Amino acid sequence: MTIVSRRGDYTFQYNQRQNRHGWLRLTPAYSVKLVEEITQQIELDVGDRSIILDPFSGTATTGLAAAQIGLTAHLLDINPFLVWFGNIKCTDYTPDELAELECLIPIIVQTYKRFIGHNLWLPPIHQIERWWSESTLQILAAMHHALVEQVGQPGIDHTGDLLWIAFCRVMIDTSAAAFNHVSMSFHEETTNHTTQTIDLFFSEIATNILHNARYQMPGYARVFQADSRLAPPDRGVRYTHVITSPPYPNRMSYIRELRPYMYWTGFLKQADRAGSLDWESIGGTWGVATSRLKDWQPAQSALPDGLPELCAKIEQSHEKNGVLMGRYIYKYFHDMHQHFQNLRATLAPDARLKYIVGNSSFYGIPVPTEKILANSLDQLGYAQIERQIVRKRNSKKELFEYCLSAVWNG
Ligand SMILES: C[S@@+](CC[C@H](N)C(=O)[O-])C[C@H]1O[C@@H](n2cnc3c(N)ncnc32)[C@H](O)[C@@H]1O
């Protein structure tokens with residue numbers, strides 16, 4: 001019997017120690033080590049020939065890893081916050097820009113205190129009192145205000161955005177959110193942080209971020225906002241490699257996890273937008289995304305083998321949400337099939353694909369993601385399809401991560 005280990009170095013936790021990769025600890029990320037191993041395996045050329053596509057960019061791990069070793073990568077994500085964040089990570093900054101920004105750190109720390117207690121803007125986060133104590137919230141609101149004064153709203157000043165990343169770190173580190181599990185939970189109590197603690201946090205984090213930002217990258221990576229179920233926008237290139245990790249069919253909602261960041265940075269303004277964004281995301285399942293499933297009609301009839309039978313099994317499980325979950329799984333694989341179908345137009349002959357995917361299980365019924373996606377690829381004319389276990393994801397259930405590879409012979 002082969003023993004497959006849980007490999008902490010193949011998760012986002014490994015990235016926290018990896019310079020720019022560690023700027024924000026976001027659950028969508030896969031391990032930079034894994035990407036580095038893949039890039040070493042697949043004969044990428046530094047130069048004009050190899051162009052990587054990551055259609056599910058998340059925190060831009062693929063793009064950053066590629067740019068750091070001199071490669072070119074285009075990345076796509078549906079979430080505007082992740083597009084913004086990914087581009088900050090993948091940008092080169094000049095020494096002058098960084099020096100100027102460094103001077104702003106003490107200015108912000110000195111000036112924000114003037115605004116504490118003023119009736120300032122607060123993000124419209126549901127039950128915000130579960131996230132921060134009243135006094136910590138006042139400090140964050142004042143610091144947010146000072147940052148807007150100094151560098152503008154997020155997205156206005158590309159160098160100033162580095163300080164917004166530092167703010168995001170302070171905001172999340174002072175919250176009662178706990179990210180110990182796959183999904184987020186709350187500590188029972190919020191903490192009253194002092195201005196001294198927050199000053200120290202912000203100054204240290206911002207200085208560290210500016211330090212990491214000094215290194216110029218020999219390659220190039222850019223993130224674009226797009227829905228990867230549709231044909232990617234034509235950028236005049238054909239991709240030689242696709243390296244990515246799409247959502248898994250496990251009901252994890254990226255929007256739910258990213259809410260605090262998205263509200264504080266202004267990428268989410270109303271709660272109902274969160275649900276619709278999750279609906280557009282593959283595997284999204286939060287709020288309105290679940291209720292819309294009931295009326296959803298597939299856009300195409302071609303589907304991987306065995307999917308209708310698997311969904312029928314889940315629907316007939318006699319579980320309360322069985323019917324809904326059967327539809328959820330159906331839509332997930334339908335959307336991924338559509339993605340593989342539309343991707344073909346952007347691929348160079350012999351393009352190599354590497355997808356890191358996870359299986360799941362509903363009411364004890366296994367959902368073999370890697371097999372179903374392999375079947376989609378096969379139906380759509382991809383060749384050399386292989387499935388390889390990367391790591392075990394969970395000690396209790398039979399949950400694994402796989403690397404699904406294929407070649408597009410065009
Ligand atoms: C597993 S995460 C990617 C993680 C990434 N490899 C990283 O290291 O951060 C999947 C990503 O797919 C994005 N996504 C979901 N549906 C999408 C769609 N229809 N089009 C483009 N991106 C989508 C999500 O927003 C999420 O960021």
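We count ligands from 1, going down the list as the structure has it; atoms in each ligand are counted the same way. All of these numbers come straight from a predicted model, not from anything done at the bench. FYI, the numbering just counts along the sequence from 1.
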Asks: Going by the atom numbers of ligand 1, which of them fall below 4.0 Å from some non-hydrogen atom of Ser228?
Replies: 18 (C), 19 (N), 20 (N), 21 (C)
Asks: With heavy-atom distances below 4.0 Å as the criterion, list the atoms of ligand 1 near Ala226.
Replies: 20 (N), 21 (C)
Asks: Just which atoms of ligand 1 are under 4.0 Å from any heavy atom in Asp227?
Replies: 18 (C), 19 (N), 20 (N)
Asks: By number and element, which atoms of ligand 1 are closer than 4.0 Å to a non-hydrogen atom of Thr61?
Replies: 7 (C), 8 (O), 9 (O)
Asks: Which bit of Tyr30 gets closer than 4.0 Å to ligand 1, counting heavy atoms only: side chain, backbone, both or neither?
Replies: both
Asks: Hey, does the Lys NZ or Arg CZ of Arg235 hover above the aromatic six-ring of Phe224, less than 6.0 Å from the centre and inside 45° of the axis?
Replies: yes
Asks: Among Ile78, Leu230, Leu75, Leu64, which one has a heavy atom closest to atom 22 (N) of ligand 1?
Replies: Ile78
Asks: With sequence neighbours left out, what residues match Arg327 under salt bridge (charged side-chain N to carboxylate O under 4.0 Å, His left out)?
Replies: none
Asks: Which of the atoms in ligand 1, numbered in the order shown and given with their element, are less than 4.0 Å from a heavy-atom of Pro55?
Replies: 21 (C), 22 (N)
Asks: What ring pair (Phe, Tyr, Trp, His ring centres under 6.0 Å) pairs are there with at least one residue in residues 132-162, not counting sequence neighbours?
Replies: Tyr93-His158, Phe115-His145, Trp121-His144, Trp132-Trp264, His144-Trp164, His144-Phe167, His144-Trp264
Asks: Any idea which atoms of ligand 1 are less than 4.0 Å away from a heavy-atom of Asp77?
Replies: 11 (C), 12 (O), 13 (C), 21 (C), 22 (N), 24 (C), 25 (O), 26 (C), 27 (O)
Asks: Which heavy atom in Met217 sits nearest to a heavy atom in Cys90, and how many Å separate them?
Replies: CE-O, 3.4 Å
Asks: Counting only heavy atoms closer than 4.0 Å, does ligand 1 sit against the backbone of His339, its side chain, both, or neither?
Replies: neither
Asks: Kindly assign one of parallel, tilted or perpendicular to the pair Tyr239 and His74, based on the angle between their ring planes and the thresholds 30° and 60°.
Replies: perpendicular
Asks: Assert yes or no for the condition that the ring centre distance of Tyr355 to Phe340 is strictly below 6.0 Å.
Replies: yes
Asks: Does at least one non-hydrogen atom of Ser31 fall below 4.0 angstrom from an atom of ligand 1?
Replies: no
Asks: For ligand 1, which atoms sit closer than 4.0 Å to a heavy atom of Ser245?
Replies: 1 (C), 2 (S), 3 (C), 6 (N), 10 (C)
Asks: Got a salt bridge between Arg352 and Glu386, using NZ or NE/NH1/NH2 to carboxylate O under 4.0 Å?
Replies: no
Asks: For ligand 1, which atoms sit closer than 4.0 Å to a heavy atom of Leu82?
Replies: 25 (O), 27 (O)
Asks: What distance do Asn342 atom CG and His337 atom NE2 have between them, rounded to the nearest 0.5 Å?
Replies: 10.0 Å
Asks: Is it true that Thr369 and Asn359 share a donor-acceptor pair across their side chains at a distance under 3.5 Å?
Replies: no
Asks: Could you tell me whether some N/O pair between Thr62 and ligand 1 is separated by less than 3.5 angstrom?
Replies: no
